[in-house]
Number of protein chains: 2
Amino acid sequence: MHIKRPEKTRPECIQNLLALRDSLELLGGKWKLLIVLHISCRPKELLHFKKLEKEITGISAKMLSKELKILEENKIVTRTVQNTRPVTVTYTLTTYGQTLIPIADALQQWGLHHRKIIKGK
Amino acid sequence: MHIKRPEKTRPECIQNLLALRDSLELLGGKWKLLIVLHISCRPKELLHFKKLEKEITGISAKMLSKELKILEENKIVTRTVQNTRPVTVTYTLTTYGQTLIPIADALQQWGLHHRKIIKGK
DNA sequence: GTAACCACTTACCTGGAAGTAACTATGCAT
DNA sequence: ATGCATAGTTACTTCCAGGTAAGTGGTTAC
């Protein structure tokens, strides 16, 4: 008699869809992962507020400020005031925030591939 | 003499931020990754439109229909009309769509962890 | 013939995401 | 005292993702 293979239903993954909702709620917007990836990619000299604003094409000071505040509240970035003149503020990823890098990278790679599939077609 | 270590700036990743924007534009909404994960987790019998609508808590027929259409246009899901009475329509992930599963899983895991860090605190 | 089921679609509406522009506060330079 | 730089904030506005509710078209069951 033929033993039925279990359907590959991955039941474990369904239980915690709330977790995916949480992630999407926090990170699903237009800017947050972009900011995280930017910070992860840049040398220290480019992590000032003004530099980020210039380098992240299209973002406004208002959005950058707002998003950074949320990221800070969620322990993803650290805000550090430097005693330069005029004062500058640098933003860096926390160790915890660095756990987002593989995810952002993966999404980026996927997007790169997707371009070829969809737009290159 | 001490040899200076290169800053870990990962310059390669900055070039293609457009790709991340693309991914976020397509997948950054409230429902798409949730739908993908749902389809990936469910046995065939639960992949009908009506079943999906019931199982994905909070989604409306309108949103489900709209999102599935976009996913189909992007070659992520396949729409199959079954000749049952009344006709049912099943949605499955394409091979290409399956490349999103690791990403959705990773985001889900991250969200699970994040709950503990932020809300459990 | 009417009621029920499936798979949507259409019309209408609203809250919040996001944009623009101007403004604040602080300190330095000339 | 005027101008410039950093790091934001505030006020005003627009737009659209997403919600609600009702309707459509096809088929079967009674």
Side-chain angles (χ1 to χ4, degrees), chain A residues 17-18 20-36 38-39 42-74 77-92, chain B residues 17-18 20-36 38-39 42 44-74 76-92:
Chain A
L17 281 173
L18 289 178
L20 182 53
R21 284 182 199 240
D22 285 348
S23 298
L24 288 173
E25 198 179 322
L26 176 57
L27 305 169
K30 190 173 175 180
W31 297 114
K32 265 157 234 143
L33 279 180
L34 222 54
I35 294 172
V36 165
H38 245 282
I39 294 180
R42 289 316 200 180
K44 288 197 283 290
E45 318 85 71
L46 295 176
L47 299 181
H48 304 162
F49 186 87
K50 215 62 182 181
K51 300 284 182 182
L52 286 173
E53 187 188 348
K54 273 177 200 151
E55 301 241 329
I56 303 177
T57 316
I59 203 168
S60 66
K62 172 192 149 190
M63 285 307 296
L64 184 54
S65 166
K66 196 191 103 193
E67 302 287 72
L68 284 170
K69 196 170 290 172
I70 296 173
L71 289 174
E72 199 192 348
E73 284 164 8
N74 283 276
V77 305
T78 309
R79 182 180 184 274
T80 315
V81 179
Q82 313 281 343
N83 55 352
T84 51
R85 298 291 144 201
V87 284
T88 50
V89 179
T90 45
Y91 292 90
T92 48
Chain B
L17 281 173
L18 288 178
L20 182 53
R21 284 181 199 241
D22 285 349
S23 298
L24 288 173
E25 197 179 324
L26 176 57
L27 304 169
K30 188 172 175 179
W31 296 114
K32 265 158 235 143
L33 279 180
L34 222 54
I35 294 172
V36 165
H38 245 282
I39 294 180
R42 289 316 200 180
K44 288 196 284 291
E45 317 87 70
L46 295 177
L47 299 181
H48 304 162
F49 186 87
K50 215 63 182 182
K51 301 282 182 182
L52 286 174
E53 189 188 345
K54 272 176 201 153
E55 300 241 331
I56 302 177
T57 317
I59 203 168
S60 67
K62 172 193 149 190
M63 285 308 295
L64 184 55
S65 166
K66 197 191 102 192
E67 301 287 72
L68 284 169
K69 196 171 289 171
I70 296 173
L71 289 174
E72 199 192 349
E73 283 163 10
N74 283 275
I76 292 167
V77 304
T78 310
R79 181 179 185 276
T80 316
V81 179
Q82 312 280 342
N83 55 353
T84 52
R85 300 290 145 198
V87 283
T88 50
V89 179
T90 45
Y91 293 90
T92 47

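Side chains are part of it too, since the values below use all heavy atoms of this structure and drop only hydrogens, waters and symmetry mates. Below, chains carry the letters A, B, ... as their sequence lines are ordered, and counting in each starts from 1.
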With sugar-phosphate meaning primed atoms plus P, OP1 and OP2, does A/Lys51 contact a base, only sugar-phosphate, or nothing at under 4.0 Å between heavy atoms?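 No contact.
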Of the non-hydrogen atoms in A/Leu34 and B/Leu20, which two are nearest, and what is the gap between them?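 Heavy atoms of A/Leu34 and B/Leu20 come nearest at CD1-CD2, 3.6 Å.
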Whole-Å distance between [N] [atom2] and [X] [atom1]?
X: B/Leu68; N: C/dA7; atom1: CG; atom2: P; answer: 11 Å
X: B/Lys50; N: C/dT9; atom1: NZ; atom2: P; answer: 13 Å
X: A/Glu25; N: D/dA17; atom1: CD; atom2: P; answer: 18 Å
X: B/Leu27; N: D/dA17; atom1: CG; atom2: P; answer: 15 Å
X: B/Tyr91; N: C/dC6; atom1: OH; atom2: P; answer: 14 Å
X: B/Leu64; N: C/dC6; atom1: CG; atom2: P; answer: 14 Å
X: A/Leu24; N: D/dA17; atom1: CG; atom2: P; answer: 16 Å
X: A/Lys54; N: D/dG8; atom1: NZ; atom2: C1'; answer: 15 Å

Just wondering, do A/Leu64 and A/Phe49 contact through their side chains at under 4.5 Å, heavy atoms?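 A/Phe49 reaches A/Leu64 side chain to side chain.
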Among A/His38, A/Lys50, A/Arg42, find the residue that satisfies the side-chain hydrogen bond (donor to acceptor under 3.5 Å, both in side chains) test when tested with A/Glu55.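 The passing option is A/Arg42.
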Whether each nucleotide of nucleotides 17-30 of chain C has a protein heavy atom under 4.0 Å at its base (B), only at its sugar-phosphate (S) or at neither (-) is summarised, 5' to 3', as -BBB------SS--
Answer yes or no: are there more than 12 heavy-atom neighbours, outside A/Glu25 itself, under 6.0 Å from its atom CD?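 No, the 6.0 Å shell around CD holds no more than 12 heavy atoms from other groups.
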Using a strict threshold of under 4.0 Å (side-chain N to carboxylate O), is an ion pair present between A/Glu72 and A/Lys69?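 Salt bridge: no.
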Please list, chain by chain and in numerical order, all residues satisfying side-chain hydrogen bond (donor to acceptor under 3.5 Å, both in side chains) with A/Thr84, sequence neighbours excluded.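 Testing A/Thr84 for side-chain hydrogen bond (donor to acceptor under 3.5 Å, both in side chains), a comparison that skips the adjacent residues, returns A/Thr88.
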